[in-house]
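Please read these numbers as outputs of a predicted model, since none were measured by experiment.
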Amino acid sequence: ELRDEILFKQPDSSYLGDCPICFLPHPIDQSKSLLMACCSKFICNGCNLANAIHEEEGELQEKCPFCRHSPPESQEEAMKNIMKRVEANDPVAMSQMGRERYKEGDYKGAFEYDSK
């Protein structure tokens, strides 16, 4: 019985942190969570879906489930929001900018964002 408890015990948290809404650990599969460009928070798909259902049922405007800002209308606006978070020294936003720079082939820029 004690071995079963140890074997099947859920971890307190994952290295990805917890969802800021439901406080459940983010799954290792990063496709099951969403980075919100407005506040640089990872929201689990469950909380995002619950928010979408709430907005649809109440015929409400689409908003971020965490900070309640409207989603960016373009990729440029999303990058502008992320840059604001980078200027505020948000580690998630810096990591995201590092990934963007890496995708563009700017490896030196990616290293600078990831090493801050």
Side-chain angles (χ1 to χ4, degrees):
E1 293 175 15
L2 182 60
R3 281 191 252 163
D4 287 345
E5 186 176 319
I6 293 169
L7 181 63
F8 294 108
K9 181 181 177 198
Q10 294 293 317
D12 294 332
S13 187
S14 75
Y15 72 94
L16 297 169
D18 300 333
C19 174
I21 297 173
C22 65
F23 300 108
L24 292 174
H26 282 295
I28 302 299
D29 182 2
Q30 291 184 357
S31 69
K32 296 185 178 175
S33 59
L34 180 67
L35 176 68
M36 304 308 291
C38 46
C39 56
S40 294
K41 298 288 183 190
F42 279 102
I43 308 295
C44 71
N45 283 354
C47 290
N48 195 41
L49 178 63
N51 184 57
I53 291 170
H54 171 74
E55 290 169 347
E56 188 174 310
E57 287 176 351
E59 298 178 11
L60 304 171
Q61 181 182 2
E62 184 180 352
K63 294 191 181 264
C64 170
F66 184 75
C67 70
R68 309 309 296 162
H69 279 101
S70 297
E73 295 184 16
S74 66
Q75 182 66 21
E76 293 168 356
E77 188 178 344
M79 293 307 288
K80 186 177 174 184
N81 289 345
I82 291 173
M83 283 307 295
K84 284 183 188 177
R85 299 300 311 152
V86 167
E87 290 169 7
N89 290 325
D90 184 337
V92 174
M94 285 192 240
S95 176
Q96 182 66 19
M97 282 305 295
R99 275 187 237 127
E100 290 295 324
R101 296 291 182 255
Y102 185 83
K103 286 180 195 175
E104 294 169 0
D106 180 10
Y107 302 118
K108 185 177 180 181
F111 180 75
E112 288 176 15
Y113 279 110
D114 284 337
S115 62
K116 284 185 181 181

Shortest non-hydrogen contact from Ser70 to Lys63?
OG-NZ, 4.1 Å
Non-hydrogen side-chain atoms of Arg85 and Met94 separated by less than 4.5 Å:
no
Output the distance between atom CD1 (Ile82) and atom CD (Gln75), rounded to the nearest 0.5 Å.
7.5 Å
State, to 0.1 Å, how close Leu34 and Asn45 come at their nearest heavy-atom pair, and which atoms those are.
N-OD1, 4.3 Å
What heavy-atom pair brings Ile43 and Pro65 nearest, and what distance separates the two atoms?
CG2-CG, 4.0 Å
With a 4.5 Å limit on heavy-atom distance, are the side chains of Met36 and Phe66 in contact?
no
Taking every non-hydrogen atom, the tightest pair across Gly98 and Ala110:
O-CB, 3.3 Å
Could you give the distance from SG (Cys38) to CZ (Arg68), rounded to the nearest 0.5 Å?
10.0 Å
Ion pair check, Lys84 and Glu87, cut-off under 4.0 Å
no
Could you check whether atom CD of Glu104 has more than 12 heavy atoms from other residues, nucleotides or ligands sitting under 6.0 Å from it?
yes
Could you check whether any side-chain N or O of His26 sits under 3.5 Å from a backbone N or O of Phe42, counting only pairs where one atom can act as donor and the other as acceptor?
yes
Just checking, any donor-acceptor pair under 3.5 angstrom between side chains of Glu55 and Asn51?
yes
Hey, could you give me the CD/CG distance between Gln96 and Asp90, rounded to the nearest 0.5 Å?
11.0 Å
When rounded to the nearest 0.5 Å, the distance separating OG of Ser74 from NZ of Lys80 is 9.5 Å
When hydrophobic residues are tied together by side-chain contacts of less than 4.5 Å, even through go-betweens, does Met83 share a cluster with Met79?
yes
Atom CD of residue position Glu77 - does it have more than 12 heavy atoms of other residues, nucleotides or ligands inside 6.0 Å?
yes
